[in-house]
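Okay, so here's the structure we're looking at.
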Amino acid sequence: MQPEYFCFVFFCSKFKMFKMITNKHSMKRKNRFNRSRVKYFHIQNAAEEPRVLCIIQDTTSAKTVNERLTLNLPASTTLSRLYEDVSHKAGYVNGTFDLAWGNMPDMASLDHNSEMSLSESGFEPGGKKNFLHLTDKDGEQPQIASVTDSSGVDDSSQERFIGPLPRESTAGCSGDYSSPSYTYSSILSKSDTGYVGLVNQAMTCYLNSLLQTLFMTPEFRNALYNWEFEESEEDPVTSIPYQLQRLFVLLQTSKKRAIETTDVTRSFGWDSSEAWQQHDIQELCRVMFDALEQKWKQTEQADLINQLYQGKLKDYVHCLECGYESWRIDTYLDIPLVIRPFGASQAYGSVEEALQAFIQPETLDGPNQYFCERCKKKCDARKGLRFLHFPYLLTLQLKRFDFDYTTMHRIKLNDRMTFPEELDMSPFIDVEDEKSPQTESCTDSGAENEGSCHSDQMSNDFSTDDCVDEGICLDSTGSTERVLKPKSLLTFELFSVMVHSGSAAGGHYYACIKSFSDGQWYSFNDQHVSKITQDDIRKTYGGSSGSRGYYSSAFASSTNAYMLIYRLKDPSRNAKYLAVDDFPEHIKSLVQKEKESEEQEKRQREIERNTCKIKLFCMHPVRMMMESKLEVHKDKSLREATEMAYKLMELEGIVPLDCCRLVKYDEFHEYLERSYEGEEDTLMGLLLGGVKSSYMFDLLLETRRPEQVFQPYKPGEVMVKVHVVDLKSEAIASPISVRAYLNQTITEFKQLIAQATGLSAETMRVVLERCYNDLRLLYVPNKTLKAEGFFRSNKVFVESSESSDHQVAFTDSVLWKLLDRHGNTIRLLVLLPEQSPGTLANRTQKVRGDSDVIFDGTKGNRKSVEAILEESTEKLKNLSLQQQQQGSSTSDSQKSSDASDFEHIESPTQEADSNSSLCVAADNRELENRIRASAGSSGGASSDQENHFACEERSDSEVNNDRSTSSVDSDILSSSHSSDTLCNADSGPIQLANGLDSHSITSSRRSKAHEGKKETWDTAEEDSGTDSEYDDNGKSKTEAQYLYFRAEPCSQEDTSWDAQKCLVVHVDKRITLAAFKLNVEPYVGVTSTQFKVFRVYANNQEFESVRLNETLSSFSDDNKITIRLGRALKKGEYRVKVYQLLVNEPEPCKFLVDTVFAKGMTVRQSKEELLPQLKEQCKLDISIDRVRLRKKTWKNPGTVFLDYHVYEEDISISSNWEVFLEVLNEPEKMKSMSELAILTRRWSPATMKLGPFQEVILESSSVEELKEKLSEMSSIPLENLEFAKGRGTFPCDISVLEIHQDLDWNPKVSTLNVWPLYICDDGAVVFYRDSTEEPMELSDDERNELMKKESSRLLKTGHRVSYSPRKEKALKIYLDGGPAKDPGQD
């Protein structure tokens, strides 16, 4: 057992005993003792006491509902203290809000004044999340705490560990790091550590870590301060050293918590997109040092980087036979250390072990023998590296990023690698190198000097070059004197650890840096700086202290050290940070300049901080509703704010200023919350509840006429929009605004409405619409508005007449029907189809009969919509009166007749006579069925009915037997109705000559059609909805309900369409598509089965609506519908788009026609129907044996359909299906589904050309068979034939400059249906070539010309010129201020 845990258990047991003793004392003494005990517990044992994690969601408004507050409190915290902490963190006044359990919303709110602890109140300690909701108190929103209130919070909250839990994965992160929001003080105040952070622009953590390391390096910082910027020579914006100098000055002198790095990145020539590119910190270090060296040329700092960071090593090869050695001296700025050797199963355990491996020589033997110049033959040799001297600042890069050749992906090695705080580098210099030749100057590129010597001659070749020894290069030595530093003094101390947290795909960098002024370690994590310990440094070793096996890194921590920087321990050279008082004069001037800039920024921020920004609305007399943002200082009065809003809304000269006022407004509910009478001199900060970035309400600049008086709006009132309903005219008036109180009764509310509308309160009926389709009659006199469900903004309908409608139940009343219709009626714009003269009249006569022709028989011109409306309405009135005179024997029919005056008086329909074949669908209105039945019985003879049915039966058989006449559009319009739409009256089945009723025939035919077949959702089969909606007597199982439909002419203002061809339709959106089509029939001129309905979307795309049993509930006001002539889909039919496949054309996909395929039809039958249509519409005269249909997937050809295939049995089919039609040069060769059709294309490297596509039919998926067929077709010897699968979308175009090397030629597989080919279906593209054919040799001019031609060709076909994966963007620093623009690039 751990000692800490034992102490805690012992303490708990003692505490329980103590509690038992104290129970014997009085309650008063107990409470007093408990308070002192709690206080003592907070101070002495806060770290050991169980803590309660509270997550609070602010539900007081829609704008704060996504915000979360996190409190980590001791379990002994009282509920009253919890409220204080929440009010402090949320910025609310304590006592103006409630806290309730988030997972138990029905429970009462927590007690504000309770002294019970959190653990006693049901909170769970130990890291478990306790979810709470911050809610309104008594229906009022929380009050915002003022700035003075928030600043005077008790500081004891600091010692109570309020705030988010620290991140375990990030060493040294302060509590603020996880904070969901920052206050001004937390952003502007400097960290307690005295250091300033850097703001992460987006993904610039790698840059921040390196900049903080350079800043904390005394030698680099001091040298940078000594450099003086000459503004006359360079633009300060693009000067990298100057911007670094400014940044370092701000890091040392600024009072902010964090500062921006945008000026530095701008000097790099980066734009905002670079902030979203994460790069390697070691790569940035090299690139930045190169840029600084270029900028510092011919200055005192020209050699600064080399003096501080550059070391030297020898790359040698030593012959093991004669001792001859060849060598080359290289320079380095950092030493890359391998974490895990290639192919090894274990990683190195420490930096020392990796350094030893770095200089460990390898033996060149066997096939890797070295050619010795002295021996004049290949000999065994030893190759390795030797350090000549180390830099003053030693940088070690731990190579944690590697490449996994098994998965072919980059990986990160998270293995554990320790590193010491003090590193002795003396063991890593070979004694033999003390006498090795040395040279002074070198370059970054590597080879500065090459030579060779024999081991026995080294003593005579000792170089006396200054500035170099076997350890450290010292600049202070003279040209004639060489100073050697003993290797025992090659001790380096660690001062910077740059840590990477994440994977090879991305992550986060931060730096752990030791200050040389106090020896304290700090974590520089972007804008957060905090103190850390040696334990935090050890956590960056990575991995675990256990196994070092091959797979250990897969389960190790992803947060580990990536770069280490050591400094040589040399008191003579170790510098200290330059103090502010010791700054050079030009730096002091810069400090003063930055201080003034910061003060100006602070003053501006103070103004912004005290400015209230709130949304402002105004009902402008000329421009209607206007919206803007009012920005007013919190110390401005309401009168001054009104004047500002008056000017902002540009009301000068239109409305006097004294006729305007600001009121509190809720835009969402269009609710005027309150007015501010007598508060004209109140400050806006108090009026709005403080300064906030956003408010829960808005302001409205209300205007009035000079003779009017403003109405006071009191808090607690609700706004009610009152619509007056007139039952006689069936009109609903525009709303009148009335303000009421929630505690008013219904009787008082009716009197209030009576005063506003002039209606009688005694006979008044009030209906509340709480939400869509929720109408509630308010009939309980003493019930309050709150009890009835009133809210801030409400809508009611009132009616006050003395009709008998009061006596019936509300849901059966005319008022309810009118309101129900009003709530569900939408306004649609319907575009009628174009009519061709002559033919349309004949079609109409054939469909409707001679007595109901609505078109002129000679001209074929359509009557106007007004004429149709007038004629149809008049006929409907006469038919309704005729039916009423005939009477009815049942109460149900009497009820329907009574309602007909209201429901159908405006509904246009056509007269149904004995010759009419217009049929009413099963879900059509009941009254129309009765009218048709009565009209048919009185005006027609039985022979007409027989002829009518005979016509139906004949046309149905024609449709079934001759599918070539049932294609689409004009060719189908002459077809008659199928028997599925036979008229059926509620009074009884129509008696036919053969003794059968119409429904029994259609039922038997329907049952045969459905027998043994599978229904699919995306056809018209389910759309008619006739199978389950009728009983055996032909009556609807559910009582037919007529839904409102009214059409009127369209004015030019309603739409951009031609008004003469457009209808405005007011329709109940609960109507089905079938009933809608029946109602539209009189205006189209053909029956509902002979036209199609297309919904028009915002982008003018049209999609056909085919599901007849679906309602129009998805439509909304002013949606557009286009009516097109053409046969609507029947059961089991699908709309199909046919495209022609042209494999050797630049555009291989060409649209031909729309057609209809039916379930159960064979491919041969569909071809027979399709060919006449292609001949007429596309002028394609093709033999049926030379036509192939195949699957179309996007632009790719797929499975070949054989003639005997049956749709929905062998071939899956769906709505809006697409197929390819291919014209063959010879009869179809494919005979079986087991065969495979592949499109092949020959590539000729000698001519740099691709041949045409040729199809190969394979009997199996064998690669050998494919090669044999290609060899036979091309005459290429089988052993020389190579092939590759094409990439991308058909036709798999690729540049002829890339095809020879970019494709995967000759894959090592025996079958086509395995990786990497995966050729399992027809239509795959295969390129082939002769392996002995050499590519054409091109000159540069020829290659450039060919590249231009290929680019033009591939761009036209929509294919990319090159095929390559996305590459990472290279890290560049531009010395001229920005990237060079290449005019040849896009």
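Hydrogens, waters and symmetry mates play no part in the numbers below; they use all other heavy atoms, side chains included. Note that this is a predicted model, so its numbers are computed, not measured.
A salt bridge links E84 to R81: one of the charged nitrogens lies within less than 4.0 Å of a carboxylate oxygen. The residues E680 and R661 are annotated as not salt-bridged, no charged nitrogen and carboxylate oxygen being separated by less than 4.0 angstrom. In this structure, E673 pairs ionically with R792, as a charged nitrogen and a carboxylate oxygen lie closer than 4.0 Å. The pair E599-K255 does not count as a salt bridge, with every side-chain nitrogen at least 4.0 angstrom from each carboxylate oxygen. The pair K664-D698 does not count as a salt bridge, with every side-chain nitrogen at least 4.0 angstrom from each carboxylate oxygen.
For P781 against T745, the heavy-atom pair with the smallest separation is O-CB, 3.4 Å. Here the closest non-hydrogen pair linking A258 and V199 is CB-CG2, 3.8 Å. Closest approach of E702 and V663 over heavy atoms only: OE1-CG1, 3.7 Å. Closest of all the heavy-atom pairs between D136 and P142 is OD1-CD, 3.7 Å. Nearest heavy-atom pair, L815 versus L727, reported as atom, atom and distance to 0.1 Å: CA-CD2, 4.0 Å. The shortest non-hydrogen separation linking S87 to V93 is CB-C, 4.4 Å.
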Dump the intermediate steps for side-chain contact (heavy atoms from CB on, under 4.5 Å) on K786 and N743, then the final yes or no. CA-CA 6 Å; K786 184 175 182 179; N743 58 0; over 6 Å; no
Full working for side-chain contact (heavy atoms from CB on, under 4.5 Å) between L118 and T78: CA-CA 6 Å; L118 297 182; T78 62; over 6 Å; no
side-chain contact (heavy atoms from CB on, under 4.5 Å), that's the test. Do L132 and I55 meet it? Break it down for me. CA-CA 6 Å; L132 298 175; I55 300 176; over 6 Å; no
Which is it for E769 and R776 under the salt bridge (Lys or Arg N to Asp or Glu O under 4.0 Å) test, yes or no, and what are the steps along the way? CA-CA 6 Å; E769 184 183 75; R776 170 178 292 191; over 6 Å; no
Test log, rule side-chain contact (heavy atoms from CB on, under 4.5 Å), inputs R765 and S813: CA-CA 12 Å; R765 284 186 293 176; S813 65; 4.2 Å; yes
Can you list the steps and then say if E643 with R639 is a salt bridge (Lys or Arg N to Asp or Glu O under 4.0 Å)? CA-CA 6 Å; E643 186 174 351; R639 182 179 288 104; over 6 Å; no
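Side chain to side chain, E677 and S675 meet the donor-acceptor criterion of an N or O pair below 3.5 Å. No side-chain N or O of E717 forms a donor-acceptor pair with one of Y671 less than 3.5 Å apart. Residues E640 and S637 bring a donor and an acceptor atom of their side chains to less than 3.5 Å of each other. Inspection of the Y1044 and N824 side chains reveals no N or O donor paired with an N or O acceptor under 3.5 Å. E598 and S254 form a side-chain donor-acceptor contact under 3.5 Å, judged by distance and modelled atom types alone. There is no side-chain donor-acceptor pair under 3.5 Å between H112 and N94. In the model, S760 has a side-chain atom that pairs as donor or acceptor with a side-chain atom of E762 under 3.5 Å.
Other residues, nucleotides and ligands place no more than 12 heavy atoms under 6.0 Å from the CD atom of E670. Taking a 6.0 Å sphere around CZ of R603, one finds it holds more than 12 heavy atoms contributed by other residues, nucleotides or ligands.
Side-chain contact check for V718 versus R739: every heavy-atom pair is 4.5 Å or farther apart. With a 4.5 Å cut-off on side-chain heavy atoms, C660 and L651 count as touching. For the pair L134 and L99, the minimum side-chain heavy-atom distance is below 4.5 Å. Between K629 and K615, the closest side-chain pair of non-hydrogen atoms is not below 4.5 Å. With contacts defined as side-chain heavy-atom distances shorter than 4.5 Å, the pair F749/L785 qualifies. Inter-residue side-chain proximity for F790 and V796 is flagged as met; some heavy-atom pair is nearer than 4.5 Å. You'll find the side chain of N113 stays beyond 4.5 Å of the side chain of Y83, heavy atoms only. The closest side-chain heavy-atom distance from F123 to L79 is below 4.5 Å.
In summary, of the residues considered (K692, K636, K634, E631), a side chain to side chain contact (heavy atoms under 4.5 Å, CB included) with C612 occurs for K634 alone.
Q708 contributes a side-chain N or O that, together with a main-chain N or O of R705, makes up a donor-acceptor pair within less than 3.5 Å. Judged purely by atom type and a 3.5 angstrom limit, R704 uses its side chain to pair as donor or acceptor with the backbone of D658. Side-chain atoms of Q600 do not come within 3.5 Å of backbone N or O of S597 as any donor-acceptor pair. Using a distance-only test at 3.5 Å, with no hydrogens or angles considered, a donor-acceptor pair links the side chain of H633 to the main chain of D635. For the pair N610 (side chain) and I607 (backbone), a donor-acceptor distance under 3.5 Å is absent. Distance alone, capped at 3.5 Å, is enough to place a donor-acceptor pair between the D1117 side chain and the R827 backbone. Proximity of a side-chain donor or acceptor of E120 to a complementary backbone N or O of S117 within less than 3.5 Å is detected. The backbone N or O of L73 sits nowhere less than 3.5 Å from a side-chain atom of T77 that would complete a donor-acceptor pair. Between the side chain of S114 and the main chain of D111, no donor-acceptor pair closer than 3.5 Å is present. Between the side chain of S109 and the main chain of A100, no donor-acceptor pair closer than 3.5 Å is present.
By the 30° and 60° cut-offs, the orientation of the rings of H669 relative to F791 is perpendicular.
For F617 and Y665, the ring centers sit closer than 6.0 Å to each other. Side-chain rings of F797 and W816 stay apart, their centers remaining 6.0 Å or farther from each other. You'll find the ring centres of F810 and Y779 outside the 6.0 Å limit.
In this structure, CE in M684 is found 9.0 Å from CE in M644, a value given to the nearest 0.5 Å. If you take SG on C54 and CG on L71, they are separated by 6.0 Å, rounding to the nearest 0.5 Å. Here OH of Y676 is found 8.5 Å from CG of L662. Values are rounded to the nearest 0.5 Å. Annotation: the span from T59 atom OG1 to F97 atom CZ amounts to 11.5 Å, rounded to 0.5 Å.
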